[in-house]
There are 2 protein chains.
Amino acid sequence: MTEKKKITLKDIARELGISISTASRALKEHPDIADDTIKTVKAFAEKHHYVPNILAVNFRKSRTYNLGLIVPELVHHFFSTVISGAIDTAKKHGYNILVSQSNDILSDETVACRTMLASSVDGLLISISNETLEAAHLTNFIEEGKPVVQFDKITDHIQSPKVIVDDFEGAYQAVKHLIEQGYKKIAHLRGRREVKNSNERARGYQQALIDHNMETSENWIKDCMAINEEEGYNFCKELLSGDNPPDAIFCITDLVAFGVLKYLKEEKIAVPHQIGVIGFSNWKLAEIVSPGLSSVDQHGYEMGEIATLKLIELIKNNELDNQEVIELKTNLIIRESTANKIEKPLTIG
Amino acid sequence: MTEKKKITLKDIARELGISISTASRALKEHPDIADDTIKTVKAFAEKHHYVPNILAVNFRKSRTYNLGLIVPELVHHFFSTVISGAIDTAKKHGYNILVSQSNDILSDETVACRTMLASSVDGLLISISNETLEAAHLTNFIEEGKPVVQFDKITDHIQSPKVIVDDFEGAYQAVKHLIEQGYKKIAHLRGRREVKNSNERARGYQQALIDHNMETSENWIKDCMAINEEEGYNFCKELLSGDNPPDAIFCITDLVAFGVLKYLKEEKIAVPHQIGVIGFSNWKLAEIVSPGLSSVDQHGYEMGEIATLKLIELIKNNELDNQEVIELKTNLIIRESTANKIEKPLTIG
DNA sequence: CTGTTAGCGCCTTCAT
DNA sequence: ATGAAGGCGCTAACAG
């Protein structure tokens, strides 16, 4: 192995018979330095592949150009999409992204935060876990002068900018769409009561029903805890075996909706003709399954972009008390699973 | 904002009337230091929330405890699973993971490598892009004394350990399974000719056919380029409209298989009774779709774990010439899409 | 057992 | 226009 020994400013200075500070300044084209000197130094640096020792620079400037990013789950279409947007944006601005996951466990999240802080990221992007009810581990960042930007799953226990999706409106539109398609008895498989997004979506669901004078029933609302396919499957079964069963189901997320679709398929209950189904998040597979699942797109990539831009801005301005809330609009994606229940089947979505 | 000013070794030394080096040594319980001193220093440090300045430590030791990780695509079930394993493992060993994506574009990959190198990761985990045919950007790492570990999509142009899946064997088992289920004319939607994994899978496909004296046909092999659902859809159509159409299709990856399933569903061709379909990678949705898609599991999480462990080991031992190949066995996951074609239909399809 | 010293590579006053 | 010097915080070799 030919390990190139890295050349330093000192080497340049020695070889060129100038001082280290001149070399340093020449490389950054400091106005005080003579053009000739600049040219010479730059040429020499180029020739010998001089690269500033980033560790020294970081040390000197106390910053790393690394941003921390914590999500509940990495293997998750929405979050990986956000991460993708964050990484691409960070790269454009000369930052790296350090990724970690909380597995929706508070202690894991706390550890991740500690690690991030210890490895000295310049700021933090976080979507909190379901268990996160207070935010001491987050205020730690602020106290160290490192800005935090929250996205999607947020808490109000910490002052920070927040990038979220208008969950209320997204849910409202989804349910309104079901109503317009002629569904009369709309159920909701909702998320946890402690999670803001879930509550907002449930609120949107309820408001849409009220605004359109639709029948409502407590029996049509089921609380998902694990938010997975199985729950969708089981709750669907439960809903349909009760008396006065619903004829449409709005699910907290696509994964739950897939479970619903699975049950319906097994029972040979026609979608969308007997029952309409709509999800939330617009997972990739929503367009792959048959029937295509209608869903509410959350613009994950843009969320990652915007949150990252915001964080970089805060870092540059050394802002720590920003509380701006950036709310992205959702986008209703209509596919077969909610096609007008009266009409004949559509071909596609 | 109450920005705590960070306390340093110097502060401890001054306050306690000892030297900086004693303070430093006491904190690491150096055997030379008196127990009393250690106790005093530790207590003081604790009380004042002393945290070593990681930037200074890194600078001093020329290492960051950060590992670079580059994949073609982040929003991809297999890769995000690998990343998940890598992150969890890294965390256990005190390392962070810096994630980047190449979008399967060589220039992006090169830039990502440069950035990683510039931000001074201690080592690199990489799954190369489809375009990567030589590896100058990778040997840069080795030249700087930073080990590289390749996984899944690899090149032999660089000496490094490689963690791969036995693509040949996985494909062989998949096709053997189809044969055992009674399928007679097995087609293969293969991947690109430049990509090693694709070739291995195609080789496994062919060998299985030969070993079992099965009919073969060049017309049953189609080259996917984009490796997406659409290609699956279109090639399936093409295969079935030719004369002597196949009665089973082995797909380079699940996504392509989903396209195949979509076409078959649209055409009301029964799966698995008229046609058997098997994928590769065992995406989450393989178990969600109906009929469930048989697939070959690649153990992504384990791959991430193992590659990361290997990299950490190389870093610790300062090994740069390791060429070990760690080959994981795949796991055939049988679902409805390949159920015996002779038996009566399952519940769904 | 503890202190002194030197230095990692870079940046930045301050002086000339 | 350039150089000298100090220091960021920590570690480690060398003295006592």
Side-chain angles (χ1 to χ4, degrees), chain A residues 3-45 48-65 94 117-120 122 144-146, chain B residues 3-45 48-65 94 117-120 122 144-146:
Chain A
E3 283 197 39
K4 287 181 205 156
K5 54 177 184 309
K6 291 234 216 176
I7 138 171
T8 71
L9 281 182
K10 199 197 222 168
D11 298 323
I12 299 183
R14 183 174 16 78
E15 294 302 315
L16 258 37
I18 59 178
S19 77
I20 294 176
S21 41
T22 302
S24 170
R25 283 187 281 233
L27 286 172
K28 358 186 100 61
E29 309 189 25
H30 187 105
D32 279 358
I33 304 293
D35 287 354
D36 275 3
T37 316
I38 293 184
K39 234 171 275 170
T40 323
V41 173
K42 284 204 153 188
F44 186 91
H48 295 274
H49 308 105
Y50 169 74
V51 181
N53 179 327
I54 193 80
L55 263 31
V57 175
N58 288 353
F59 171 44
R60 189 63 227 285
K61 302 212 171 147
S62 337
R63 58 108 187 89
T64 56
Y65 277 115
L117 213 42
S119 65
S120 197
D122 292 350
E144 298 228 357
K146 296 175 190 299
Chain B
E3 283 199 38
K4 287 182 207 158
K5 54 179 185 308
K6 292 234 217 177
I7 139 171
T8 71
L9 280 182
K10 199 198 223 170
D11 299 322
I12 299 182
R14 182 175 16 79
E15 294 301 317
L16 259 37
I18 59 178
S19 76
I20 294 177
S21 45
T22 303
S24 170
R25 282 186 283 230
L27 285 171
K28 3 186 97 65
E29 309 190 24
H30 188 106
D32 279 357
I33 303 292
D35 287 355
D36 275 3
T37 315
I38 293 184
K39 235 170 277 171
T40 323
V41 174
K42 285 203 152 188
F44 187 92
H48 296 273
H49 307 105
Y50 169 75
V51 182
N53 180 327
I54 193 79
L55 263 33
V57 175
N58 288 353
F59 170 45
R60 190 66 229 285
K61 301 210 171 149
S62 334
R63 57 110 186 87
T64 57
Y65 277 116
L117 214 41
S119 64
S120 198
D122 292 348
E144 299 229 355
K146 297 177 190 298

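The sequence lines fix the lettering, A, B, ..., with proteins before strands; numbering per chain opens at 1.
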Peer 1: Report the residues that fulfil side-chain contact (heavy atoms from CB on, under 4.5 Å) with B:Ile18, sequence neighbours left out, ordered by chain and then residue number.
Peer 2: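 Applying side-chain contact (heavy atoms from CB on, under 4.5 Å) to B:Ile18 gives B:Ala13, B:Leu16, B:Thr22, B:Ala23, B:Val41.
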
Peer 1: Going by the rule side-chain contact (heavy atoms from CB on, under 4.5 Å), which residues pair with A:Lys39 if we only count those two or more places apart in sequence or in a different chain?
Peer 2: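 Counting only residues at least two positions away or on another chain, A:Lys39 forms no side-chain contact (heavy atoms from CB on, under 4.5 Å).
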
Peer 1: Contacts to DNA chain C from residues 56-63 of chain B, heavy-atom cutoff under 4.0 Å, which residues?
Peer 2: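 Only B:Phe59, B:Arg60 qualify.
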
Peer 1: What's the angle between the local helix axes at either end of the helix from C:dC1-D:dG16 to C:dT16-D:dA1, using five pairs per end and rounding to 10 degrees?
Peer 2: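 Rounded value for the end-axis angle: 50°.
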
Peer 1: Do A:Asp122 and A:Thr64 have side-chain atoms, one donor and one acceptor, less than 3.5 Å apart?
Peer 2: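 Result is yes, a qualifying pair exists.
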
Peer 1: Does A:Asp32 have more than 12 heavy atoms from other residues, nucleotides or ligands lying within 6.0 Å of its CG?
Peer 2: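 Correct, the count exceeds 12.
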
Peer 1: Using a heavy-atom cut-off of 4.0 Å to chain A, what are the terminal contacting nucleotides of DNA chain C, in 5' to 3' order?
Peer 2: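 Both ends considered, the range comes out as C:dC8 to C:dT13.
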
Peer 1: Can a donor-acceptor pair be found, under 3.5 Å and without considering hydrogens, that links the side chain of A:Asn58 to the backbone of A:Leu55?
Peer 2: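 Pair absent, no side-chain N/O of A:Asn58 close to backbone of A:Leu55.
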
Peer 1: Decide yes or no on side-chain contact (heavy atoms from CB on, under 4.5 Å) for B:Leu27 and B:Leu9, but give the supporting numbers first.
Peer 2: CA-CA 10 Å; B:Leu27 285 171; B:Leu9 280 182; 3.7 Å; yes

Peer 1: Whole angstroms only, please: what is the CG-P distance between B:Leu55 and D:dC10?
Peer 2: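 Distance, rounded to whole Å: 11 Å.
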
Peer 1: If you look at every strand shown and take non-hydrogen atoms under 4.0 Å, does B:Asn53 touch a base, only sugar-phosphate, or nothing?
Peer 2: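 Counting heavy atoms under 4.0 Å across all strands, the contact made by B:Asn53 is with sugar-phosphate only.
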
Peer 1: Hey, what do you get for NZ (A:Lys28) to NZ (A:Lys42), rounding to the nearest 0.5 Å?
Peer 2: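 One gets 10.5 Å once the value is rounded to the nearest 0.5 Å.
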
Peer 1: With sequence neighbours left out, write down each residue that passes side-chain contact (heavy atoms from CB on, under 4.5 Å) with A:Leu117, or none if nothing qualifies.
Peer 2: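 Expected list: A:Asn140, A:Phe141, A:Glu144, A:Lys146.
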
Peer 1: Considering non-hydrogen atoms only, spot the tightest contact between A:Tyr50 and A:Ile7 and give its length.
Peer 2: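 Shortest heavy-atom contact: CD1-O, 3.3 Å.
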
Peer 1: Taking side chain to side chain donor-acceptor pair (under 3.5 Å) as the test, write out the residues that go with A:Ser24, two or more places apart.
Peer 2: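 For A:Ser24, no residue satisfies side chain to side chain donor-acceptor pair (under 3.5 Å) once neighbours in sequence are set aside.
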
Peer 1: For residues 21-30 of chain A, which residues have at least one heavy atom under 4.0 Å from DNA chain C?
Peer 2: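 Within this stretch, A:Ser21, A:Ser24, A:Arg25, A:Lys28 sit under 4.0 Å of the strand.
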
Peer 1: Return yes if some donor-acceptor pair links the side-chain N/O of A:Thr40 with the main-chain N/O of A:Asp36 below 3.5 Å, else return no.
Peer 2: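 Yes: the side chain of A:Thr40 pairs with the backbone of A:Asp36.
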
Peer 1: Quick one: B:Lys6 NZ to D:dC10 P, roughly how many Å, whole number?
Peer 2: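 Rounded to whole Å, this separation is 9 Å.
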
Peer 1: For residues 7-35 of chain A, pull every pair meeting ring-ring contact (aromatic ring centres under 6.0 Å, His included), keeping only residues two or more places apart or in separate chains.
Peer 2: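 The answer is none; no pair qualifies.
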
Peer 1: Just to verify, what does B:Tyr65 make a ring pair (Phe, Tyr, Trp, His ring centres under 6.0 Å) with, not counting sequence neighbours?
Peer 2: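 Counting only residues at least two positions away or on another chain, B:Tyr65 forms a ring pair (Phe, Tyr, Trp, His ring centres under 6.0 Å) with B:Tyr95.
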
Peer 1: Which of residues 33-45 of chain A have a heavy atom under 4.0 Å from DNA chain C?
Peer 2: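 Going residue by residue through residues 33-45 of chain A, none turns out to have a heavy atom under 4.0 Å of DNA chain C.
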
Peer 1: Can you name the nearest heavy-atom pair linking A:Ile54 to B:Ser119, along with the distance?
Peer 2: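 Closest approach of A:Ile54 to B:Ser119, heavy atoms only: CG2-C, 4.1 Å.
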
Peer 1: Test of understanding: with side-chain contact (heavy atoms from CB on, under 4.5 Å), list the residues that count as partners of A:Ser21, not counting sequence neighbours.
Peer 2: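 side-chain contact (heavy atoms from CB on, under 4.5 Å) check on A:Ser21 returns A:Ser19, A:Arg25.
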
